[in-house]
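Written below as structure tokens is the structure these notes are about.
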2 protein chains.
Amino acid sequence: METQLTINEVAARTGLSAHTLRYYERAGLIAPVTRAPGGQRRYAASDLDWIGFLLRLRATRMSIGQMRAFARLRREGNATAPERRQMLETHLAAVESSIELMQQSAKALQAKIEHYRALEGSAQKDSNPDEGEIHAYKPLRKRTRQTAGDRR
Amino acid sequence: METQLTINEVAARTGLSAHTLRYYERAGLIAPVTRAPGGQRRYAASDLDWIGFLLRLRATRMSIGQMRAFARLRREGNATAPERRQMLETHLAAVESSIELMQQSAKALQAKIEHYRALEGSAQKDSNPDEGEIHAYKPLRKRTRQTAGDRR
DNA sequence: TCTTGACTTGGAGCGCACTCTAACTTGTAG
DNA sequence: CTACAAGTTAGAGTGCGCTCCAAGTCAAGA
């Protein structure tokens, strides 16, 4: 009944590499996994659940350091639940504002795309300030070592 | 009329450091900025617009490499507009799916927080599998160099 | 003239999150 | 017994996006 997956099976299921799974364990994100007689890791279903949760944290860009802190609290037992909740709340607030920023930026990109579409629709014009201005850019000269003298 | 800002003024307005502004120029994200007689950078309003756009790309996690490619196309003139539009469309699609993933994950975190709240509401119980399981973790032993022999 | 402060450069260094290497052990099949 | 696949470890290496440093230039003020 204990599912007992090998590291490569877990890798396949989670999308993490075996390397990364070992790294997460070393880093303290995953508690030492039970071993087969030969020393090989055998992951239980509960390990998979936890890894799934870590993947949520990663998807929301929580740092390894913070995940480690969270994992440590979890290992310390239920008494730390309030602290963990606090961590998640703080993190979630950051995530939500980051999502909002991304959405605003995505909207701006969408507008820019529309702008390009309009531009293409009306044949090619030769002078268009586009974003900011293009016109007068020199060919991006290679910045030829010089210390004032030929400069001013 | 040309606004002519110094690097530190631009840093203040954009939130980037002067270091980073120079780095972006070296990296080809920003075309060589016009210089005051002494060699100091003087940014025009159009530079600020472009930097603003770069910040949108950064906020949506476009890599420096891709931004450089986009900036290069832009310097090549209006003929590259379709290619740039294509880049933005591809990027935007990735951004939107990444936003969706973040939202799903945020929702899962929110659920976890509710779970903690419920848990706290009902005093402290001593056995709760929480996420995955806690129970049988050993004190995270220090993994004492050994090559089979004391192992099996 | 001397100092101060804001800038310049090339290049080194840093923190993060992996990613890989080398050498080794173990279990299974032929 | 041999060969091979699949795992193990400590530690080195990588790519990214900055971030900082040392040494120098320049303009303005005392």
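Values below: all heavy atoms of this structure, side chains included; hydrogens, waters and symmetry mates excluded. Proteins come first, then strands; the chains are lettered A, B, ... in the order of their sequence lines, and each starts at number 1.
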What is the distance, to the nearest angstrom, from the [atom1] atom on [X] to the [atom2] atom on [N]?
X	N	atom1	atom2	value
B:Gln40	D:dA27	CD	C1'	9 Å
A:Arg35	C:dT26	CZ	C1'	14 Å
A:Leu21	D:dA6	CG	C1'	15 Å
B:Gln66	D:dG15	CD	C1'	15 Å
A:Leu54	C:dC18	CG	P	11 Å
A:Arg68	C:dC18	CZ	P	12 Å

For the side chain of A:Glu120 and the backbone of A:Arg117, is there at least one donor-acceptor N/O pair under 3.5 Å apart?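 The answer is no, because no donor-acceptor pair under 3.5 Å joins these two groups.
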
Main-chain N/O of A:Thr6 paired with A:Gln40 side-chain donor or acceptor, under 3.5 Å: no

Side-chain atoms of residues 61-70 of chain A: list all donor-acceptor pairs with protein atoms under 3.5 Å, sequence neighbours left out, distances to 0.1 Å.
from    : atom 1 : to      : atom 2 : distance (Å)
A:Ser63 : OG     : A:Gln66 : N      : 3.1
A:Arg68 : NH1    : A:Ala27 : O      : 2.7

Side-chain N or O of B:Arg42 less than 4.0 angstrom from OP1 or OP2 on C:dT8? no

Do A:Gln110 and A:Glu114 meet the criterion of a side-chain donor-acceptor pair at a distance under 3.5 Å? yes

Per the side-chain contact (heavy atoms from CB on, under 4.5 Å) rule, which among B:Ile7, B:Leu55, B:Leu54 passes with B:Leu16? B:Leu55

Determine, for nucleotides 17-23 of chain D in 5'-to-3' order, which nucleotides have protein heavy atoms under 4.0 Å from the base (write B), from only the sugar-phosphate (write S), or from neither (write -). BBBB---

Shortest non-hydrogen contact between B:Val95 and A:Ala106, atoms and distance: CG1-CB, 4.2 Å

